[in-house]
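To start, the structure itself, in structure tokens.
Within every chain, numbering begins at 1; the chains are lettered A, B, ... in the order of the sequence lines, protein sequences first and strands thereafter. Values below: all heavy atoms of this structure, side chains included; hydrogens, waters and symmetry mates excluded.
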There are 2 protein chains.
Amino acid sequence: MNLITRNTDYAIRALCYIVKSNKNMVSVRELVEGLKMPGPFLRKILQELSRKGILRSYKGKNGGFVLAIRPEKIYVGELIEIFQGPIKLQEHIFRKKICPEIKSCILKKKIDEIEEYTISELNSLSISSLLKTGRQDK
Amino acid sequence: MNLITRNTDYAIRALCYIVKSNKNMVSVRELVEGLKMPGPFLRKILQELSRKGILRSYKGKNGGFVLAIRPEKIYVGELIEIFQGPIKLQEHIFRKKICPEIKSCILKKKIDEIEEYTISELNSLSISSLLKTGRQDK
DNA sequence: TATAAAGATACCATACCAGTATCATTATGT
DNA sequence: ACATAATGATACTGGTATGGTATCTTTATA
Ligand code: FES
Ligand code: FES
């Protein structure tokens, strides 16, 4: 099980890199070299962050990406939502069909409780706090 | 995302049914009728519970399954482990490859924290407590 | 005006999930 | 004895999501 998928993970790491770089423009090329990620995939990810207003992009030679909002205002929960949709520990969907017993499901209460805790933790975890407390050194 | 997959879910519901039935033997046939689950799939699930010592099975005519241990001693966390392996919110595995940066991953601390809470909640949630507090009525 | 960047989209391989399908074994009722 | 009704074991399968590629277009700069 992966609460965080690869694209979200790459997004987080790329954002951290951009913050730490202290440059006013970072290109995909530079990120690929610094973070060893597959270029085209990372590009798709950054484009999405651009569409969602997390990054601001500049086309053309010497172009690249810049943070559009401050890192204290970018939350991991938000990034997960962008790439994976609303955070849910249990979708109650199997094979495209929703559980018919969801109204009487005896598991739902406890799962909802865990889910609520999880969401609140992720929604209060910002990129800047990751950089402060994290083991970002190699 | 599904913290609980369909086989685990069916297993839990079947166990609850067996407890509530108060019979000393329940067959797959009866469970299928009572719970509207696909027969062969449920059979595979109950066989696994048998192998793992949760149920005791009896072959032959009038055969079926009986609880092998008391419902207070059967925990949801344990059932998840049986059908899905060790509970993890983040496997750090994508495409069969483990994250190379796991040693320096800035996300790991927080995820581990959420994971620990989740596991402890699931490991203390028994079948009997589900039956007591749950909305098991239709 | 060549170049180097991002934007947009279509495509693809693999793994996993939720099952089926079969055949073998074992106990029971008549 | 033997048909029947149950579980045991295991192989197979279709659909979907994930983690990517591959291409082509657009835009800015030196
Ligand atoms: S797990 Fe979906 S209704 Fe219980
Ligand atoms: S998510 Fe796996 S190492 Fe960070």
Side-chain angles (χ1 to χ4, degrees), chain A residues 1-11 14 18 23-33 36-52 54-66 68 80 83-85 88 90-99, chain B residues 1-11 13-14 18 23 25-33 36-52 54-66 68 80 83-85 88 90-99:
Chain A
M1 184 163 170
N2 282 326
L3 186 59
I4 288 167
T5 56
R6 195 94 263 196
N7 44 10
T8 308
D9 176 55
Y10 283 166
I18 291 170
K23 295 166 106 173
N24 64 333
M25 186 86 73
V26 182
S27 70
V28 169
R29 170 182 295 266
E30 182 182 341
L31 285 163
V32 164
E33 279 160 10
K36 319 265 183 181
M37 294 167 184
F41 191 32
L42 180 59
R43 231 176 102 209
K44 200 165 64 165
I45 291 165
L46 297 185
Q47 282 175 16
E48 183 66 19
L49 289 175
S50 227
R51 274 191 291 271
K52 289 287 157 53
I54 309 282
L55 292 175
R56 171 90 169 82
S57 75
Y58 294 90
K59 291 172 88 171
K61 214 167 183 173
N62 299 330
F65 296 88
V66 192
I80 293 177
F83 294 102
Q84 308 170 222
K88 282 176 196 156
Q90 193 71 24
E91 310 222 51
H92 300 283
I93 293 174
F94 304 99
R95 303 271 230 168
K96 283 285 175 196
K97 233 182 131 289
I98 197 161
C99 306
Chain B
M1 184 164 175
N2 282 326
L3 184 58
I4 288 168
T5 55
R6 194 93 265 197
N7 43 9
T8 309
D9 176 55
Y10 284 167
R13 306 228 307 266
I18 291 171
K23 294 166 107 172
M25 186 88 73
V26 182
S27 70
V28 169
R29 170 183 294 267
E30 182 182 341
L31 285 162
V32 164
E33 279 161 12
K36 319 265 182 183
M37 293 167 183
F41 190 30
L42 181 58
R43 225 173 109 209
K44 200 165 64 167
I45 291 164
L46 297 186
Q47 283 175 16
E48 182 67 18
L49 289 175
S50 227
R51 273 191 291 271
K52 289 288 157 55
I54 309 283
L55 292 175
R56 171 90 168 81
S57 75
Y58 294 89
K59 290 172 88 170
K61 214 167 183 174
N62 299 329
F65 296 88
V66 192
I80 294 176
F83 294 102
Q84 307 168 223
K88 283 177 193 151
Q90 193 71 23
E91 310 221 50
H92 300 284
I93 292 174
F94 304 98
R95 302 270 231 169
K96 285 281 173 200
K97 233 181 130 290
I98 199 161
C99 308

Nearest-nucleotide comparison on DNA chain D, the residue closer to the 5′ end among B/G64 and B/I93: B/G64
Length of the line joining A/I18:CD1 and C/dA6:C1', which is rounded to integer Å: 13 Å
Assuming nearest nucleotide by heavy-atom distance, tell me which of B/R95 and B/T5 is located more 5' along DNA chain C. B/R95
So, OP1 or OP2 of C/dG7: does either fall under 4.0 Å of a side-chain N or O from A/S57? yes
Nearest-Å distance, NZ (B/K97) to P (D/dT18)? 20 Å
Nucleotide-resolved protein contact map, nucleotides 21-30 of chain D, B/S/- at heavy-atom distance under 4.0 Å: B----BBBBS
What is the distance from CD1 of B/I45 to P of D/dG8, rounded to the nearest Å? 14 Å
Nearest whole Å is fine: how far is C/dG19 P from B/E48 CD? 17 Å
For B/R6 against B/R13, the heavy-atom pair lying closest together: NH2-NH1, 3.7 Å
If every non-hydrogen atom of B/G39 is compared with every non-hydrogen atom of B/V32, which pair is closest and at what distance? CA-CG2, 3.5 Å
Roughly, in whole Å, what's the span from CE in A/M1 to P in C/dC17? 11 Å
What is the distance, rounded to the nearest whole Å, between atom CZ of A/F83 and atom P of D/dT18? 13 Å
List the atom of A/M25, the atom of A/V66, and the distance in Å for their closest heavy-atom pair. SD-CG2, 3.8 Å
B/S27 side chain N/O closer than 4.0 Å to the phosphate oxygens (OP1, OP2) of D/dA5? no
Counting heavy atoms from C-beta on, name the nucleotide in D/dG8, C/dG19, D/dG20 closest to the side chain of B/Y10. C/dG19
Would you say A/K96 places a side-chain N or O within less than 4.0 Å of OP1 or OP2 belonging to C/dA18? no
Residues in side chain to side chain contact (heavy atoms under 4.5 Å, CB included) contact with B/Q47, at least two apart in sequence or another chain: B/R43, B/R51
How many Å lie between CZ on A/R51 and P on C/dA6, as a whole number? 14 Å
Looking only at the side chain of B/N7 (C-beta and beyond, no hydrogens), which of the listed nucleotides C/dG7, C/dA18, D/dG19 gets closest? C/dA18
Rounding to 0.5 Å, atoms CG (A/D9) and CD (B/Q90) come to a distance of 7.5 Å
Those residues at least two apart in sequence (or on a different chain) that pass ring-ring contact (aromatic ring centres under 6.0 Å, His included) with B/F94 are none
Under a 4.5 Å cut-off applied to non-hydrogen side-chain atoms, are B/N2 and A/I93 in contact? no
Take atom CZ of B/R29 and atom C1' of D/dA5, then tell me their distance rounded to the nearest Å. 8 Å
